[in-house]
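Remember, predicted model here, so these are calculated numbers, not experimental data.
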Amino acid sequence: QVQLVESGGGLVQPGGSLRLSCAASGSIISINAMGWYRQAPGKQRELVATITSAGSTNYADSVKGRFTISRDNAKNTVYLQMNSLKPEDTAVYYCKSNLRDSGSVYYRAYWGQGTQVTVSS
């Protein structure tokens, strides 16, 4: 069984920083893309950033230049460094991992449980 566990959310003032982590554990054979998504109240879940196993990254226009995604393949962990946070960044942040577990020959998407990020003075 595979689990994705996020950490690092919280309350921060505008202009502040937070670092989110998401560790994948369990019977994992291989992981390709990993990423972060967010969902604000009353809105649809949206992509924040993704990173491939080779390190190629993609960002939503709204976070470019402020957020940085990275990963540690040895630890099956993806990070999101968030700087210059704005109130509109307030949301539940979810990590997603496309991985192959020991019970399958296919890759499938796994999601974390979400972590709340609130940007407010």
Side-chain angles (χ1 to χ4, degrees):
Q1 191 157 359
V2 174
Q3 280 190 318
L4 270 63
V5 179
E6 296 131 337
S7 60
L11 173 64
V12 64
Q13 291 186 342
S17 298
L18 282 175
R19 188 188 192 215
L20 305 182
S21 300
C22 174
S25 63
S27 53
I28 298 169
I29 301 299
S30 177
I31 302 177
N32 49 29
M34 303 182 83
W36 290 94
Y37 294 71
R38 66 187 182 187
Q39 187 167 18
K43 294 188 177 181
Q44 289 190 331
R45 191 174 298 187
E46 62 176 4
L47 180 147
V48 175
T50 61
I51 185 168
T52 69
S53 57
S56 295
T57 59
N58 180 54
Y59 295 93
D61 288 343
S62 59
V63 306
K64 282 181 181 176
R66 301 188 297 122
F67 291 10
T68 302
I69 189 170
S70 62
R71 65 190 281 174
D72 184 333
N73 291 331
K75 296 181 179 180
N76 291 338
T77 300
V78 62
Y79 306 96
L80 186 67
Q81 177 67 44
M82 304 185 293
N83 299 328
S84 302
L85 283 160
K86 305 175 181 179
E88 51 264 43
D89 294 318
T90 295
V92 178
Y93 284 69
Y94 298 89
C95 72
K96 178 185 177 184
S97 179
N98 288 324
L99 63 86
R100 180 181 160 224
D101 62 44
S102 63
S104 176
V105 297
Y106 302 107
Y107 286 82
R108 55 156 286 195
Y110 286 84
W111 290 88
Q113 80 285 356
T115 185
Q116 177 70 46
V117 172
T118 302
V119 185
S120 175
S121 55

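Within a 6.0 Å sphere centred on CD of Gln116, heavy atoms belonging to other residues, nucleotides or ligands number more than 12. Enclosure of atom CD in Glu88 by more than 12 non-hydrogen atoms of other residues, nucleotides or ligands within 6.0 angstrom is indicated.
Ile69 is not connected to Val92 by any chain of hydrophobic side-chain contacts under 4.5 Å among Ile, Leu, Val, Met, Phe, Trp and Tyr, and they are in different clusters. Taking hydrophobic clusters as Ile, Leu, Val, Met, Phe, Trp and Tyr residues chained together by side-chain heavy-atom distances below 4.5 Å, Tyr94 shares a cluster with Leu47. When hydrophobic clusters are built by joining Ile, Leu, Val, Met, Phe, Trp and Tyr residues whose side-chain heavy atoms come closer than 4.5 Å, directly or via intermediates, Tyr93 is grouped together with Ile51.
Side chain to side chain, Ser17 and Asn83 meet the donor-acceptor criterion of an N or O pair below 3.5 Å. Residues Tyr107 and Arg100 bring no donor and acceptor atom of their side chains to less than 3.5 Å of each other.
In this structure, Arg71 fails the cation-pi test against Tyr79, since its NZ or CZ atom is not both closer than 6.0 Å to the six-membered ring centre and inside 45 degrees of the ring normal. With a 6.0 Å cutoff to the six-membered ring centre and a 45° limit on the axis angle, Arg108 counts as a cation-pi contact of Tyr110.
Ion pairing between a basic and an acidic side chain is recognised when a charged N comes within 4.0 Å of a carboxylate O; Lys64 and Asp61 show such pairing.
Counting only heavy atoms from C-beta outward, the side chains of Val48 and Tyr59 never approach each other to under 4.5 Å. Using a 4.5 Å cut-off on side-chain heavy atoms (C-beta onward), Met82 and Leu20 make contact. Contact of the Pro14 side chain with the Pro87 side chain is registered, since non-hydrogen atoms from C-beta on lie closer than 4.5 Å. Residues Ser7 and Thr115 are not in side-chain contact: their nearest non-hydrogen atoms beyond the backbone lie 4.5 Å or more apart. Contact check for Phe67 versus Leu85: side-chain heavy atoms found under the 4.5 Å cut-off. The shortest side-chain heavy-atom distance between Val78 and Leu80 does not fall under the 4.5 Å cut-off. Residues Asp89 and Arg38 form a side-chain contact, since some pair of their non-hydrogen atoms from C-beta on lies under 4.5 Å apart. Between Gln113 and Glu6, the closest side-chain pair of non-hydrogen atoms falls below 4.5 Å.
Taking OG from Ser97 and CD1 from Ile31, the interatomic distance works out to 4.5 Å, rounded to the nearest 0.5 Å. The CG atom of Asp72 lies 10.5 Å from the OG atom of Ser21; values are rounded to the nearest 0.5 Å. If you take CD1 on Ile28 and CG on Asn76, they are separated by 4.5 Å, rounding to the nearest 0.5 Å. Residue Arg66 holds its CZ atom at 12.0 Å from CD of Gln81, rounded to the nearest 0.5 Å. Going from atom CG of Leu4 over to atom OG of Ser25 covers 7.5 Å, rounded to the nearest 0.5 Å. Between Asn73 atom CG and Met34 atom CE the span is 8.0 Å, to the nearest 0.5 Å.
Within the structure, ring pair (Phe, Tyr, Trp, His ring centres under 6.0 Å) contacts touching residues 36-57 (residues at least two apart or in different chains) are Tyr37-Trp111. Evaluation of the disulfide bond (SG atoms under 2.5 Å apart) test over residues 49-121, restricted to residues two or more places apart or in two chains, returns Cys22-Cys95.
Shortest non-hydrogen contact noted between Gly9 and Val117 is CA-CG2, 4.2 Å. Residues Val12 and Leu18 come closest through the heavy atom pair CG1-CD1, 4.0 Å.
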